[in-house]
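Down below is the structure, laid out as structure tokens.
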Amino acid sequence: MLKTRIPQPKGRRASASSGELQTACLLSPEFFARPPRGVARALLGKLLMRREGDELLAGRIVETEAYLGQADPAAHAAAGRTARNSVLFGPPGHAYIYFIYGNHFCLNVSCLPPGEAGCVLLRALEPVMGTGLMAHNRGLGPSRTGTAARLLTSGPGRLCQAFAITRLRDNSKDLTAPASDLTLWDDGFRPRHIVSTPRIGITKAAEAMLRFYITGNRFVSGKRD
DNA sequence: ATATCGATTATCT
DNA sequence: GATAATCGATATG
């Protein structure tokens with residue numbers, strides 16, 4: 001099992017992060033080879049990491065949504081396999097990235113064995129490492145505290161911009177591969193409480209409780225402050 | 001070939 | 001709270 005050392009900021013009390021240095025394990029393909037609902041819950045508290053040359057970005061996953069595959073009317077896989085969504089039908093633990101509203105990218109992780117097209121959308125992260133570069137990628141000033149920090153990664157489009165995630169660069173990338181520059185890790189953090197709600201921004205199957213977030217975390221997307 | 005709309009965000013009032 | 005921005009995927013003729 002591949003491990004690495006993840007430096008962390010001294011967390012304030014309300015923050016999901018705490019401690020200073022943690023050993024983290026790369027998530028395995030098996031972690032994702034199960035139904036998206038369970039993966040979406042299990043991904044809360046895990047770390048997304050990006051290698052940018054000699055710089056490192058890290059964010060803790062605090063909000064997710066599950067998309068169940070061909071049987072889910074809200075899923076991109078609902079109409080079957082296309083060139084755009086083919087990653088969803090491939091092996092678990094790979095990045096499915098799509099372009100939305102003419103402006104934004106969204107990052108999903110494929111779930112279930114090959115042939116089944118479930119996935120989990122990453123909706124919000126709590127910044128852990130590399131906030132300066134995140135702010136630069138977002139076109140924001142260097143401020144990284146208070147309400148301004150929420151603008152870095154609180155939303156599916158925002159977190160992709162902060163991590164410089166694009167379809168061209170990252171679609172189909174294996175997020176469980178040690179050599180990948182975009183990876184998912186478990187540093188042992190476990191959320192205290194998880195809330196489930198309807199998914200955001202969809203019209204079909206809008207009542208299903210498939211959005212999950214860490215209770216009380218200030219980096220969850222939506223209105224705050 | 002053209003029209004519609006979206007798993008969003010920023011910027012108004 | 002409301003809406004413009006922006007473009008690729010998909011549906012329709």
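No experiment lies behind these values; they were computed from the predicted model shown. Per chain, numbering begins at 1; letters A, B, ... match sequence-line order.
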Item to check | CA sep, side-chain torsions, deciding dist, call: His76(A), Tyr98(A), ring-ring contact (aromatic ring centres under 6.0 Å, His included) | outcome: CA-CA 10 Å; His76(A) 287 181; Tyr98(A) 62 88; 4.5 Å; yes
Checklist entry - Any idea how Phe99(A) and Phe105(A) line up, ring-wise: parallel (<30°), tilted (30 to 60°), or perpendicular (>60°)? => result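 Ring orientation, 0 to 90° scale: tilted.
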Checklist entry - Does anyone know the first and last nucleotide of DNA chain C in reach of chain A, 5' to 3', at under 4.0 angstrom to a heavy atom? => result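 First and last nucleotides in contact are dA5(C) to dT10(C).
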If you round to the nearest 0.5 Å, how far is [atom2] of [Y] from [atom1] of [X]?
X: Arg123(A); Y: Cys106(A); atom1: CZ; atom2: SG; answer: 8.0 Å
X: Leu43(A); Y: Phe212(A); atom1: CG; atom2: CZ; answer: 11.0 Å
X: Cys160(A); Y: Asn137(A); atom1: SG; atom2: CG; answer: 11.5 Å

Checklist entry - What residue among Glu126(A), Arg192(A), His193(A) forms side chain to side chain donor-acceptor pair (under 3.5 Å) with Asn217(A)? => result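 The side chain to side chain donor-acceptor pair (under 3.5 Å) with Asn217(A) is passed solely by Glu126(A) among Glu126(A), Arg192(A), His193(A).
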Checklist entry - In which stems does DNA chain B show up, taking only runs of three or more Watson-Crick or G-U wobble pairs whose two distances fall under 3.5 Å? => result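 Stems for DNA chain B, defined as runs of 3 or more consecutive pairs: B:1-6 with C:7-12, B:8-12 with C:1-5.
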What is the nucleic acid contact for [X], judged by heavy atoms within less than 4.0 Å: base, sugar-phosphate only, or nothing?
X: Arg199(A); result: nothing
X: Ala74(A); result: base
X: Arg211(A); result: nothing

Next on the checklist: Go nucleotide by nucleotide along DNA chain B from the 5' end; which of Pro156(A) and Gly102(A) gets its closest nucleotide reached first?
Outcome noted: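 Final value for this comparison: Gly102(A).
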Next on the checklist: Between Thr203(A) and Gly155(A), which residue's closest nucleotide on DNA chain B lies nearer the 5′ terminus?
Outcome noted: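 In this pair, the answer is Thr203(A).
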Next on the checklist: Please tell me whether Thr153(A) and Arg158(A) have a donor and an acceptor in their side chains that are separated by less than 3.5 angstrom.
Outcome noted: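 No - no donor-acceptor pair under 3.5 Å links their side chains.
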Item to check | Test item: Leu184(A) and Val109(A) side chains (from C-beta on) under 4.5 Å apart, heavy atoms | outcome: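 In short, these two side chains touch, coming nearer than 4.5 Å.
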So does [Y] get a backbone contact from the side chain of [X], meaning a donor-acceptor N/O pair under 3.5 Å?
X: Arg199(A); Y: Ala66(A); answer: yes
X: Ser110(A); Y: Pro91(A); answer: yes
X: Arg211(A); Y: Ser196(A); answer: no

Checklist entry - What interatomic distance, in whole Å, is found between P of dA7(B) and the corresponding atom of dG1(C)? => result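 The answer is 23 Å between these two P atoms.
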Item to check | Interface limits on DNA chain B, where chain A has a heavy atom under 4.0 Å of a nucleotide atom | outcome: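 Footprint of chain A along DNA chain B, 5' to 3': dG6(B) to dA10(B).
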Item to check | First encountered from the 5' end of DNA chain C, between Asn85(A) and Tyr101(A) | outcome: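 Looking at the nearest nucleotide for each, Tyr101(A) comes out on the 5' side.
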